[in-house]
Amino acid sequence: MKKWLIMFGLSFALTACGSGEPETSENIEPPAEEEIPAEEATENDEVFEVAVIPSQTVGEMETGLNNLEAHLSEQLNREVKVESYPNYNAVVEAINYNHIDLAFLGPLTYVIAHEQSGAQAILTQEIDDSPYYYSYIITHQDNEWENLEGLLEDSADVNFAFASISSTSGHLMPGLHLRNLGYYDDETNHKFNQIQFAGSHDVVATLVKEKNVDAGAIDSAILNELMEQDKTLEESIKVLWESDKLYQYPWVVPAQMDEEEIKNIQEAFYEITDEEILRIFGGASKFVEADDAKYAEVLEAAREFNMLSLE
């Protein structure tokens with residue numbers, strides 16, 4: 001992949017105990033002694049920097065991200081570098097400090113960045129003509145449970161996998177629901193046999209399919225796209241719980257980006273028809289405009305679940 005980089009040196013890459021995943025998002029505020037710069041000359045940078053969160057493993061996304069890089073380079077008439085960052089929280093720091101020009105974030109990480117630095121959501125994707133998706137809790141078809149209540153009756157024997165601790169559909173929403181039911185607070189305080197963080201949604205699907213865990217939390221759009229690619233997965237998975245609808249993952253720019261550049265970026269995404277690009281963003285049909293108001297419910301959930309530290 002041309003100019004393909006995996007960034008591992010950012011200071012907000014946090015690690016959950018024993019899982020290799022980041023700790024709670026309340027720990028990713030910029031240091032108190034530093035202020036997020038009011039201005040950075042990103043518009044003068046020779047390279048347009050794009051960061052993408054690891055919603056799937058890097059290998060699954062590589063072709064699409066290569067094609068996105070080429071498309072944006074042509075449409076914006078400048079050199080573009082698309083990078084897959086090691087975790088969600090690294091992207092928050094990068095967008096907060098204007099180290100990048102554009103980021104693809106989960107809703108939770110977006111509201112953290114918006115609260116910390118004023119980062120702006122400007123785009124999202126529609127899937128089957130809808131900009132909404134869901135959090136699922138899934139299990140293997142061979143298991144006897146037909147709903148979440150059945151699973152929870154056997155919770156002491158259940159090995160459960162979340163995606164990333166900073167994932168909206170892979171942790172925040174299902175984790176908050178399980179907490180409200182009295183079964184989960186964090187990785188070490190719960191009523192399951194074992195809790196683990198798989199790192200990405202496709203890994204959760206694989207763990208459930210191969211019966212390495214009994215159940216897991218996953219993004220509905222990613223699961224549906226994985227099933228389209230692998231019919232044996234479709235035959236192996238059943239859904240035990242579905243969240244309320246969530247607004248799709250946003251594309252985000254730093255607070256200081258000017259309106260003309262935002263418009264140019266939006267227009268470039270509206271022109272995307274490449275199937276490899278659309279596939280890796282949940283099997284998107286097109287990209288559409290987004291704004292901060294669409295993520296108010298995620299912000300409230302983050303507050304309730306103590307995943308967000310506000311001034």
(request) Tell me, with the steps shown, if Leu148 and Ile137 meet side-chain contact (heavy atoms from CB on, under 4.5 Å). (result) CA-CA 8 Å; Leu148 181 59; Ile137 291 178; 4.1 Å; yes
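- Salt-bridge formation is not detected for the pair Glu260/Lys263: no Lys NZ or Arg NE/NH1/NH2 atom is positioned less than 4.0 Å from an Asp or Glu carboxylate oxygen.
- Residues Val52 and Glu83 are not in side-chain contact: their nearest non-hydrogen atoms beyond the backbone lie 4.5 Å or more apart.
- Ring pair Phe281/Trp251: centre-to-centre distance below 6.0 Å.
- Here the side chains of Leu176 and Glu304 are in contact, with some heavy-atom distance below 4.5 Å.
- With ring centers used as reference points, Phe305 lies under 6.0 Å from His171.
- Inspection of the Asp219 and Tyr134 side chains reveals no N or O donor paired with an N or O acceptor under 3.5 Å.
- Across every non-hydrogen atom of Gly283 and Glu225, the tightest pair is CA-OE1, 3.4 Å.
- One finds the CG atom of Asn224 at 13.0 Å from the OH atom of Tyr133 (value rounded to the nearest 0.5 Å).
- Side chains of Asp154 and Trp145: a donor on one and an acceptor on the other come within 3.5 Å.
- Annotation: Asp274, atom CG; neighbour count of heavy atoms from other residues, nucleotides and ligands within 6.0 Å is above 12.
- Atom CD of Glu242 is separated from atom OH of Tyr136 by 5.0 Å, given to the nearest 0.5 angstrom.
- The two atoms that bring Leu246 and Ser169 nearest to each other are CD1-CB, 4.3 Å, heavy atoms only.
- Atom CD of Glu297 has 12 or fewer neighbouring heavy atoms from other residues, nucleotides or ligands inside a 6.0 Å radius.
- Between the side chains of Gln256 and Asn98, at least one donor N or O sits under 3.5 Å from an acceptor N or O.
- Across all non-hydrogen atoms, the minimal contact from Ser285 to Asp128 is OG-N, 3.9 Å.
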(request) Take Lys211 and Asp142 through the salt bridge (charged side-chain N to carboxylate O under 4.0 Å, His left out) test and state the conclusion after the steps. (result) CA-CA 9 Å; Lys211 301 183 181 181; Asp142 290 346; 2.6 Å; yes
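- Aromatic ring orientation, His190 versus Phe192: tilted (interplanar angle from 30° to 60°).
- For the atom pair Thr139 OG1 and Glu146 CD, the distance stands at 9.5 Å (nearest 0.5 Å).
- Counted within 6.0 Å of NZ on Lys238, heavy atoms from surrounding residues, nucleotides or ligands total more than 12; the atom is thus considered enclosed.
- Smallest separation of non-hydrogen atoms from Gln125 and Tyr249: NE2-O, 2.9 Å.
- Judged by distance alone, the side chains of Lys286 and Thr273 never bring a donor and an acceptor atom under 3.5 Å apart.
- Here the closest heavy-atom approach between residue Pro174 and residue Thr168 is recorded as CD-O, 3.8 Å.
- Ala268 approaches Gln75 most closely through the heavy-atom pair CB-CB, 3.6 Å.
- A centroid separation of 6.0 Å or more is found between the aromatic rings of Phe269 and His71.
- Taken to the nearest 0.5 Å, the CD atom of Glu276 stands 11.0 Å off from the CD atom of Glu62.
- Within 6.0 Å of atom CG in Asn189, more than 12 heavy atoms from other residues, nucleotides or ligands are found, so the atom counts as buried in its surroundings.
- Proximity of a side-chain donor or acceptor of Thr124 to a complementary backbone N or O of Gln248 within less than 3.5 Å is detected.
- For the pair Ile138/Ile218, a side-chain contact is recorded, criterion being any heavy-atom separation below 4.5 Å from C-beta on.
- Not less than 6.0 angstrom separates the ring centroid of Tyr270 from the ring centroid of Phe287.
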(request) Report the C-alpha distance between Arg78 and Glu261 in whole Å, list the side-chain angles of each, state the deciding distance to 0.1 Å, and finish with yes or no for salt bridge (charged side-chain N to carboxylate O under 4.0 Å, His left out). (result) CA-CA 12 Å; Arg78 62 190 296 187; Glu261 188 164 12; 3.3 Å; yes
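- Aromatic ring centres of Phe162 and Tyr184: separated by under 6.0 Å.
- Taken to the nearest 0.5 Å, the OG atom of Ser167 stands 10.0 Å off from the CZ atom of Phe197.
- Surrounding CG of Asp185 are more than 12 heavy atoms belonging to other residues, nucleotides or ligands, all under 6.0 Å away.
- Between Thr109 and Val91 there is no side-chain heavy-atom pair separated by less than 4.5 Å.
- Looking at heavy atoms from C-beta onward, Glu234 lies out of side-chain contact with Glu228 at the 4.5 angstrom threshold.
- Surrounding CD of Glu74 are at most 12 heavy atoms belonging to other residues, nucleotides or ligands under 6.0 Å away.
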